[in-house]
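Every chain is numbered from 1, with letters handed out A, B, ... down the list of sequences.
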There are 2 protein chains.
Amino acid sequence: MSRNDSLDLATQLHAAAIRLLRAVRVADDETGLSAPKLSALSVLVFGGPQSLKALARAEQVTAPTMSKLVADLEAAGLAAKRADPADKRGVVIQVTAKGRALMEAGRRRRLALLQERLGRLSKAERDQLAAAAGLMAKLAQP
Amino acid sequence: MSRNDSLDLATQLHAAAIRLLRAVRVADDETGLSAPKLSALSVLVFGGPQSLKALARAEQVTAPTMSKLVADLEAAGLAAKRADPADKRGVVIQVTAKGRALMEAGRRRRLALLQERLGRLSKAERDQLAAAAGLMAKLAQP
DNA sequence: CCTAATAGTTAGTTTGACGAACTAAATAAT
DNA sequence: ATTATTTAGTTCGTCAAACTAACTATTAGG
């Protein structure tokens, strides 16, 4: 029974996470940015200026893929590249003020969407979710 | 703002869901199926036989997109289409035994990945997570 | 009936992913 | 010190998956 519990838990958690992310995805449309670009921008905002390789690893894509995403972000004035003073092969990519503002607005919309739904739950249920968020983070650790 | 307000909860839930999905995503690679096809197959397994339109709506894609996904699943012998007896325009799509077996194998691999991590939690914490999965599904409802 | 709506497919386009091949720079080896 | 190797990033070609527009076939409404 314990084995079945685990199977069910893994399946249910997986399905629930997918549905939850899908539900809030609509808020991202309004930024005018695609999900991969918005996500890369988010890493720049929260992770600070970094190399292309680091950014690619954070987003679990290859260097060429990230190279193109960054080029598009740069063309849109949302990110900027500068030479790495310590390594002339390298670049340091950072978010611009415009990029930061756009990311923040998108994030607020996404969270607003979730908050509206959170209002449907009781206080006890919200507390339960808050505790679970911590547990999920623990599960996701390597 | 309190530490436990709903903005924090929304932020934590969103981040936790993303990290959790990333952590188990590697298990799906071994199915040999892409994420969209695996996801569509999952809807067929859990939602039963249904029309292309229903499947497209469930996956939040357009009919042409789903038409191609189903065609590929059919070519791989994982799903089957039959005419809808009640509407000659319509088709009913259902998972095959092979498709069901593949989904089950994927689910087992995903669990295997999570198992070590689930072991870090107490039984009480696992119960908490299971309950939270239900709440998350509720949140995701439109 | 005939017209409008619906189910699904086909055609063409865009985006984002990859690997392979390239340039340039840094590091290791002899 | 010179050469070889590795590393960082880009460009190119290709593919999957998403969309819209337009098509066929069928059903439903006036």
Side-chain angles (χ1 to χ4, degrees), chain A residues 18 21-23 25-44 47 49-76 78-94 102 106, chain B residues 18 21-22 25-26 28-44 47 49-76 78-94:
Chain A
I18 286 175
L21 290 181
R22 199 177 268 166
R25 204 171 51 186
V26 293
D28 292 343
D29 295 347
E30 297 169 39
T31 62
L33 268 193
S34 69
K37 285 170 191 168
L38 201 58
S39 184
L41 205 54
S42 159
V43 170
L44 288 178
Q50 53 197 289
S51 72
L52 187 133
K53 186 177 190 178
L55 197 50
R57 190 171 52 242
E59 288 295 271
Q60 301 187 309
V61 298
T62 57
T65 296
M66 188 50 70
S67 185
K68 182 59 166 54
L69 289 177
V70 168
D72 290 351
L73 288 176
E74 195 180 21
L78 303 171
K81 281 194 297 193
R82 56 182 162 82
D84 182 345
D87 187 338
K88 286 181 180 171
R89 297 168 304 179
V91 296
V92 177
I93 303 152
Q94 60 187 348
L102 182 138
Chain B
I18 286 176
L21 286 183
R22 255 183 205 163
R25 202 169 55 184
V26 293
D28 293 342
D29 294 347
E30 295 168 39
T31 62
L33 271 193
S34 68
K37 284 169 192 168
L38 203 57
S39 184
L41 202 56
S42 158
V43 170
L44 289 179
Q50 55 198 289
S51 72
L52 186 133
K53 187 177 190 179
L55 197 50
R57 192 171 49 241
E59 288 297 88
Q60 301 187 310
V61 297
T62 57
T65 296
M66 188 51 69
S67 184
K68 181 59 166 54
L69 290 177
V70 168
D72 290 352
L73 287 176
E74 195 180 21
L78 303 171
K81 280 194 297 192
R82 56 182 162 81
D84 183 346
D87 186 338
K88 285 181 181 170
R89 296 168 303 178
V91 295
V92 177
I93 304 151
Q94 60 187 349

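The side chain of A:V61 sits closest to C:dA17 out of D:dT10, C:dA17, D:dA18.
Here the closest non-hydrogen pair linking A:L44 and A:A79 is CD1-CB, 4.1 Å.
Here B:P64 lies in heavy-atom contact (under 4.0 Å) with a base. In this structure, A:D84 reaches neither bases nor backbone, as no heavy-atom distance under 4.0 Å exists between it and the strands shown.
Ranked by how close their nearest DNA chain C nucleotide is to the 5' end, A:A35 and B:S51 are led by B:S51.
For D:dT10, the OP1/OP2 oxygens have a side-chain nitrogen or oxygen of A:K81 closer than 4.0 Å. Listed pair A:S34 / C:dT15 fails the phosphate criterion, with no side-chain N or O lying under 4.0 Å from OP1 or OP2. Side-chain N/O atoms of B:T65 include one lying less than 4.0 angstrom from OP1 or OP2 on D:dC19. Phosphate contact (OP1/OP2 of D:dG9, side-chain N/O of A:K88, threshold under 4.0 Å): absent.
Atom CD in B:E59 sits about 16 Å away from atom C1' in D:dA16, given to the nearest Å. Rounded to a whole Å, the CG atom of A:D87 is 8 Å from the C1' atom of D:dT7. Counting to the nearest Å, the P atom of D:dC15 and the CG atom of B:D72 are 14 Å from each other. A:M66 has its CE atom 11 Å from the C1' atom of C:dA17, to the nearest Å. Rounded to an integer number of Å, the gap from CG of A:L69 to C1' of D:dG9 is 14 Å. Computed from coordinates, the B:L73 CG to D:dA16 P distance equals 14 Å when rounded to whole Å.
B:R89 contributes no side-chain N or O that forms a donor-acceptor pair with the base of D:dT27 under 3.5 Å.
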